[in-house]
Amino acid sequence: MDGADVQLHQRARAVAVAASVLGAAAALVPFGLVLRTTRIDRGVSVSLASALGVWGAALVACWLAVAAMALSRMPLRTRGVAASLIAGAAPVLALWRAGAFAEAYAKQAGELSRVSLGPGFWLTAAAAYVAVFAATAWLEAGPLRATVSYAPFAGIAAVLASGAVSGIGIAREYANNADAFVRQLAVHLGYVGASVAVGLVFGIALGLTAARRPSAEPLVFGVLNVLQVVPTLAFIGLLYPVLTGLSRSVELFAALGVRGVGWAPVVVVLSAYAVYPIARNTHAALASIDPATVDAATGIGMGALRRFAMVEAPLATPVVLAGLRVALVQSTAGAIIAGLVGGGGLGTFVFLGASETASDLMLLGVVPIVGLALLFDRGLSAIEGALSPWKEPA
Amino acid sequence: MIEIVGLTKTYGDRRAVDGLDLTIPTGELTVLLGPSGAGKTTVLRCINRLVEPTSGSILVDGVDIATLDPVALRRSMGYVIQNVGLFPDMTVRENVAAVPRMLGWDRRRIAARVDEMLEMVGLDPERYGDAYPRQLSGGEAQRVGVARALAADPPILLMDEPFGAVDPLTRERLQREMRHLQAKLRKTVVFVTHDIDEAVLLADRIALMRDGRLEQHDTPEALWRRPANDFVSRFFGENLGLRVIIRHCLADVTLKPLPHDAGGLPRVDAGVSLKEALAELVGRRARALLVMRDGRPAGVFDFDVLVESLSREDGRARA
Amino acid sequence: MRGREDTRRVVARWTGIAALAGATVWMTLDARGFERVLRALAPNESAWLYPTKPLSALVLEQVWLATAASVLALALGSALGTLALTGFGVAFRDLVLSVGSLAQTVPTVALMALLVPLTGYGPEPVVIALTLYGVLPIALNVIAGIEGVPPEVRDAAAGIGMGRAQRLLRVEIPLAMPVILGGVKNVVVVNVSAATLGAVVAAGGLGMPILAGFHDYNDAFILEGALPAIALALLADRLLTVRPRWDRG
């Protein structure tokens, strides 16, 4: 182990302790759970520690244990595994017991009452993320580290699947809207899929064009940059008269359901945004290939097609994938706007919730959006890594 | 044999190559030498049609290459460049296998050939075969570049300042190995450099270029003894003679017979070059050296031997 | 050659900026004239100007929301970035980088909506959401910019006897400026754009007439909000697309 490693481990120590302090504070702040008599009542807040009783004490104990381990002289491997598992257990524990608390509260305050996860819970989740991030720095990269990193997600999934949290506000909203949720999730994914597919086709085509003819580069990226800058809502607004006119004058469009609002402007706008990151990365990937490599490929007798297939494409693919990743995350978050202009998707719940000030309903839309975006981000990062074994590992 | 006839390449107003006539004999290593901007690299890149000449033609074994498919042409020539140009996403094995794979060799033949090539350039296939280019030193990368160029056993090898980007010690080793390799393989090599020592060490013949034109094309010894013009003698400078003697080793020259009292003389192996032997004379302040061949005294080397061998060499070049 | 090319680029840039600024100011101040344009674009409507508020007020609200959030994000973000590069804060550098990419997964408008139960309707949730959203990109660019200063330049600065603070102020920050400014530009442009969404939480801004237009099927209201919103966003983008003189060419 060299000095840089030791320094890295020392630094992870400070981060883990800070995360523990944040976690303990999150358990103790007086807005861990929000108790409402009806779903749109403002409600009263209580701290996680007080609401969860003995388990609340256990939650605080988890964070103390993480801090103690961080400062201890335990072997790195044991320390890393134990601290990340315990920190990861904290939000799982909080969620599970909050479910039990919600059921008890419903018995006492009536069926209309709600228990919502408050900032204290979300801070607990954030603290767990930070603590696991720090503690896994004590482990070597490999299957063990991956397992302990993703164990908390498995825990959350298990708690959700067990039905133990069905009394919590967001789960109640889900139960009330289960059919609509599945439908809107599908619509949302449809927006993401369609816009990213369009983005891929145009992005790669334009990126290639810009790389092959430098004279076209300013024009391509000038236009894409302008599209990128136009505000979403104003973009949809500009399309409104255009698409309305199209659906009135062309029967095919009308039959397809193209209107000034609805799915059509959302797909157009999200596609326009998705082109830029993919085009930029395609261009950058091809431009960054060492000219000597291309020269050598030509010199040993590769034709243009073969050179592209054997040398340029494999070298560019990971970078293009990184652009695809940005586009995916951007579209997943951006598709929320469909809920505002009658296009459906998960945004429906967010804007409905916003108009009723029903946080749980908003969360029913936001949490899956963030979850999907994270999934896309991590998934594609892993693929990028797997496709470029020749690079320095990050 | 590569015949270059009236080759001209212009870029805008600039004539990079200007009516060049040059014949490169089969099985020899010809160095294109000259100051930067002389057009050496352009000539080289015309031979594998990475550059299309403005006028003139190039014939390989009597066939005008303009009539051949450039891609097929390039596969029949090895190509090594200064920046190596290894494919960063392929392992060393995959890099070396690139041309045989394109030629459709079967798997087993490729695997055997790749290992053979790596061993030939002094890289252990076990150790280096699965490494990626970023894990190699400059010298190692260049060896892989040479192995890749030779993998399909092309009769012609084009090399563009192949050792220009490595450190001096590694460069010297690579040059020496190149010399042994060429002695064994006898390829038709066209080698571009601006380094006089490298040219003198490696070349069977040197084609000295300036401003896209050929100034002189001859053996290094002949360039030294009979420079065609002022530019040639100025380019090589006063001490070309001192440089040329690196090409010959003690085993090649006629030594003086052993005297009776040879025991006191400094000893030197017959494998060393005349230049090293001369350095030995000067360094040890000796009048003569005892040359050892296979551990036995073979004769005596002194200044007279050196002078004698050089005039003899000259005679051979003239013939 | 180089000089003429340069001049042409500068002229093009400032022509664009002047045109965008002129258009914005004209739309904002000459309500009658703008109404005539909207009337020409959407002849079938019965009203052309959003009745609740004059455009000048909406533009001001939009600019105010974006400016407040940008200034706060800049202050907090550069503080965070600098902290993550110095002393004790170095421990948190990797964390900031990791969270920085994560934060982009939360839609801005969702963050605004979620803040409403805490802050109530109005400009507060917009300013807070946009600030939170902008802090990490600024911090990331400060880190990337300063870490991107070539080590030999750092060495040279130390070698001629500059102290730590002097090095940071006179060498590292100036050299990091293009990267930092790139981050500032992104954040400001995102804020100017996203302020349009403030209408969702009743913060005002140019989203108001757009949403009203969707609601009433009135093309003119939509365009009244959309055109100045686009002009403002492009103006911010053009104005902040700058390269220091030593980096040009």
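All of these numbers come straight from a predicted model, not from anything done at the bench. Naming: A, B, ... by sequence-line order, numbering from 1 per chain.
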Which atoms of V341(A) approach chain C - backbone, side chain, both or neither, heavy atom under 4.5 Å: side chain
Contact winner vs chain A - S98(C), G207(C), G225(C), heavy-atom pairs under 4.5 Å: S98(C)
Distance, nearest 0.5 Å, that separates CZ of F349(A) from CD of Q184(A): 5.5 Å
Most chain A-contacting option - heavy-atom pairs closer than 4.5 Å, from L206(C), L232(C), L234(C): L234(C)
Interface residue of largest heavy-atom contact number with chain A, from V116(C), I222(C), L95(C), D237(C), under 4.5 Å: L95(C)
Heavy-atom proximity to chain A below 4.5 Å, by part of Y121(C): side chain
Separation between CZ of F221(C) and CD1 of I210(C), rounded to the nearest 0.5 Å: 13.0 Å
Atom pair OG (S359(A)) and CZ (R36(A)), whose distance is rounded to the nearest 0.5 Å: 4.0 Å
F351(A) versus chain C, the contacting section by heavy-atom distance below 4.5 Å: side chain
Sub-4.5 Å side-chain heavy-atom contact between V192(A) and L270(A): no
Distance-only side-chain donor-acceptor flag, Y217(C) / T244(A), under 3.5 Å: no
Side chain / backbone / both / neither for L114(C) at chain A, heavy atoms under 4.5 Å: both
Chain C contact via S355(A) - which portion, at a heavy-atom distance below 4.5 Å: backbone
Residues from residues 361-374 of chain A approaching chain C under 4.5 Å (heavy atoms): M362(A), L363(A), V366(A), I369(A), V370(A), A373(A), L374(A)
Atom group of T357(A) that falls short of 4.5 Å from chain C, counting heavy atoms: both
Chain A contact via V106(C) - which portion, at a heavy-atom distance below 4.5 Å: both
Options D377(A), V130(A), T332(A), ranked by heavy-atom pairs under 4.5 Å with chain C, top entry: V130(A)
Heavy-atom proximity to chain C below 4.5 Å, by part of V261(A): side chain
Option in L238(A), V34(A), V350(A) with maximal non-hydrogen atom pairs under 4.5 Å from chain C: L238(A)
Nearest-0.5 Å distance, CG of residue L211(C) to CG of residue L233(A): 5.0 Å
Y273(A) side chain vs T232(A) backbone, donor-acceptor pair below 3.5 Å: yes
Closest non-hydrogen atom pair, A42(C) against D219(C): CB-CB, 3.8 Å
Toward chain C, the part of I336(A) with a non-hydrogen atom under 4.5 Å: side chain
Chain A contact via L41(C) - which portion, at a heavy-atom distance below 4.5 Å: neither
Contact summary for Y191(A) and A335(A), nearest pair of heavy atoms: CB-CB, 4.0 Å
Contact class of L227(C) relative to chain A, heavy atoms under 4.5 angstrom: side chain
Proximity breakdown for A18(A) and chain C, heavy-atom pairs closer than 4.5 Å: side chain
Check ion pair R93(C)-E147(C) (N to O, under 4.0 angstrom): yes
Under 3.5 Å: donor-acceptor pair, side chain of R325(A), backbone of L380(A): no
Among V226(A), I236(A), V229(A), residue most engaged with chain C (heavy-atom pairs, under 4.5 Å): V229(A)
Toward chain A, the part of D94(C) with a non-hydrogen atom under 4.5 Å: both
T67(C) OG1 to L60(C) CG distance, which is reported to the nearest 0.5 Å: 10.0 Å
Donor-acceptor under 3.5 Å (T108(C) side chain, A129(C) main chain): no
T28(C) vs S56(C), side chain to side chain donor-acceptor pair (under 3.5 Å): CA-CA, chis, key distance, verdict: CA-CA 5 Å; T28(C) 313; S56(C) 51; over 6 Å; no
Interchain contact, F376(A) with chain C, by part (heavy-atom threshold 4.5 Å): neither
Closest non-hydrogen atom pair, W48(C) against E224(C): O-OE1, 4.0 Å
Segment of R13(A) engaging chain C (4.5 angstrom heavy-atom cut-off): neither
From F92(C) atom CZ to L85(C) atom CG, the distance as rounded to the nearest 0.5 Å: 14.0 Å
